[in-house]
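Order of appearance sets the numbers: ligands from 1, and atoms from 1 within every ligand.
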Amino acid sequence: MLGKKILLCVTGGIAVYKAAALTSKLVQAGAEVKVAMTKSACQFVTPLTFQALSRNDVYTDIFEEKQPDKIAHIDLADWADLVLVAPATANMIGKMANGIADDMVTTTILATTAPVWVAPAMNVHMYDHPAVRRNIEILYEYGCRFIEPGEGHLACGYVGKGRLEEPEKITALIADYFDSGTKPLSGKTVLVTAGPTIEKIDPVRYLTNRSSGKMGFAIAEEAAKMGAHVLLVTSVDRLPAPAGVERLKVQSAADMYETVMGLYKQADIVIKSAAVADYAPVHTSDRKLKKQPGPLVLELARTKDILKELGEQPDKPYLVGFAAETDHLEQYALEKLEKKRADMIVANNVSHEGAGFAGDTNIVTIFKRDGAKIELPLLSKHETARRILQEICTTLEMGWAK
Ligand code: CTP
């Protein structure tokens, strides 16, 4: 992270002392660090500590303009390559989620276009409070990235989740982020399927499911950012095609089967995040079906299992399947890994809050062919996508910078 400009926003909790160590670690790693502090943060550690560690002025007061030719909060907001809020109190998260700008820190955060990372630290019950959870969800939607607090002894006497992540770990995550520009997937083709399939009954009716396609679109976008040539096979047209991604429009499971089987030989990696219908109507009518007295019996037939068929190919690419379950997650995921001869299954419990179909977050567990099981926390779908791709790169040793 040599020369990267990091604005560290320090807010008022006991973990401020760790923010001092974090400043030091970031500077040692080669970053240029400027610090902005809330009034409450200054109650715990003085600005002088951060000034000495960052070797830069510390910003605490929106009205204290140090240079007459500049407006400090705009200048800082524009200067930063990354804004890191650490520790982030419940109050600060609440203010950020609601667009409140009433001091130097909040005003600068609202004015920046740089990525904003948030490392919460608070009492375990505060962290679990629905208001805080909701505010975190909102910030995910705004594109903030979270560094989950760790579990352990909290200053308030409780043991639980709420401890600011260790400065070394935060520094390593930021270094990873700046390193990801190395494009570990360049020269590779990644085929992604996303969203539901649409099984036509007649010109006005169809069978589908609640998949939004957001997870698959996030994977496509992140894979493209990592340098891959991405083919996105999807029925979804509501979401914009991510930059650099080639979208191939399909509707039914049969369409998707044809398209994927026609393309898979070009791909190094196939990621099947689509929620493919297991059954489709045997007969589709070209005319609208008119209602009749009595019940309607719709005959459905099994669709072809695309993932399973890919798994049977002698020249199969690296295969990633998804499993959306409501129970027995691990058992079903492992069965799918085996039955479909996939290399990885990404499983999520869709009945858990934050892991549903339409939201912007997910909670997944990755099961790999080598027996590895990686449980990811609640993350934005984009961050989940990055982690999945990172796991694939690690497995394929494509030089992902860890
Ligand atoms: N899949 C596929 N072709 C199908 C059905 C599913 O490629 N016709 C893929 C999905 O894209 C996903 C994985 O298989 O990657 C999901 O497995 P699936 O057996 O469909 O899951 P469920 O239908 O949820 O499983 P089950 O009904 O067996 O519980």
Requested in this report: Could you find the nearest protein heavy atom to atom 15 (O) of ligand 1 and give me its residue, atom name and distance?
Outcome: K272 O, 2.7 Å

Query raised in the report: Is there a nitrogen or oxygen of K336 sitting under 3.5 Å from a nitrogen or oxygen of ligand 1?
Result: yes

Query raised in the report: Is there a donor-acceptor pair under 3.5 Å between the side chain of T23 and the backbone N or O of S54?
Result: no

Report task. May I ask whether T193 places a heavy atom under 4.0 Å from ligand 1? Result -> no

**Report entry** Shortest protein heavy-atom distance from atom 19 (O) of ligand 1, along with the residue and atom involved
**Finding:** K340 NZ, 2.9 Å

Query raised in the report: Hey, looking at atom 10 (C) of ligand 1, which of A274, A333, A254, G321 has the closest heavy atom?
Result: A274

Query raised in the report: Is it the case that K336 places NZ or CZ above or below the six-membered ring of F367, under 6.0 angstrom from the centre and within 45 degrees of the axis?
Result: no

**Report entry** Donor-acceptor side-chain pairing of E335 and Q331 below 3.5 angstrom
**Finding:** yes

Query - Backbone of V132 reached by a side-chain donor or acceptor of N135 within 3.5 Å - result: no

Report task. Report yes if some N/O of F322 lies less than 3.5 Å from some N/O of ligand 1; otherwise report no. Result -> yes

Requested in this report: Please confirm whether M256 comes under 4.0 Å of ligand 1, counting heavy atoms of the residue only.
Outcome: no

Query raised in the report: Looking at T303, which atoms of ligand 1 are within less than 4.0 Å of one of its heavy atoms?
Result: 8 (N)

Query - Nearest neighbour in protein (non-hydrogen) for atom 27 (O) of ligand 1 - result: D278 OD2, 3.5 Å

Query raised in the report: Near D305, which atoms of ligand 1 are under 4.0 Å from a heavy atom of that residue?
Result: 1 (N), 2 (C), 3 (N), 4 (C), 7 (O), 8 (N)

Query raised in the report: When W117 is tested against each of Y140, Y177, F146 for ring-ring contact (aromatic ring centres under 6.0 Å, His included), which residue passes?
Result: Y177

Query raised in the report: Just distances here: any N/O of L307 and N/O of ligand 1 closer than 3.5 Å?
Result: yes

Report task. May I ask you to check if ligand 1 and I306 share an N or O to N or O distance below 3.5 Å? Result -> yes

Query raised in the report: Would one find more than 12 heavy atoms of other residues, nucleotides or ligands at under 6.0 Å from atom NZ of K249?
Result: yes

Requested in this report: Show your working on side chain to side chain donor-acceptor pair (under 3.5 Å) between E309 and Y257 and close with a plain yes or no.
Outcome: CA-CA 9 Å; E309 194 134 336; Y257 174 84; 2.5 Å; yes

Query raised in the report: Under 3.5 Å, is there a donor-acceptor pair between the side chain of N348 and the main chain of I363?
Result: no

Requested in this report: Could you say whether the N/O atoms of K304 and ligand 1 ever approach to under 3.5 Å?
Outcome: yes

Query raised in the report: Would Y17 and F44 count as a close aromatic pair, with their ring centres under 6.0 Å?
Result: no

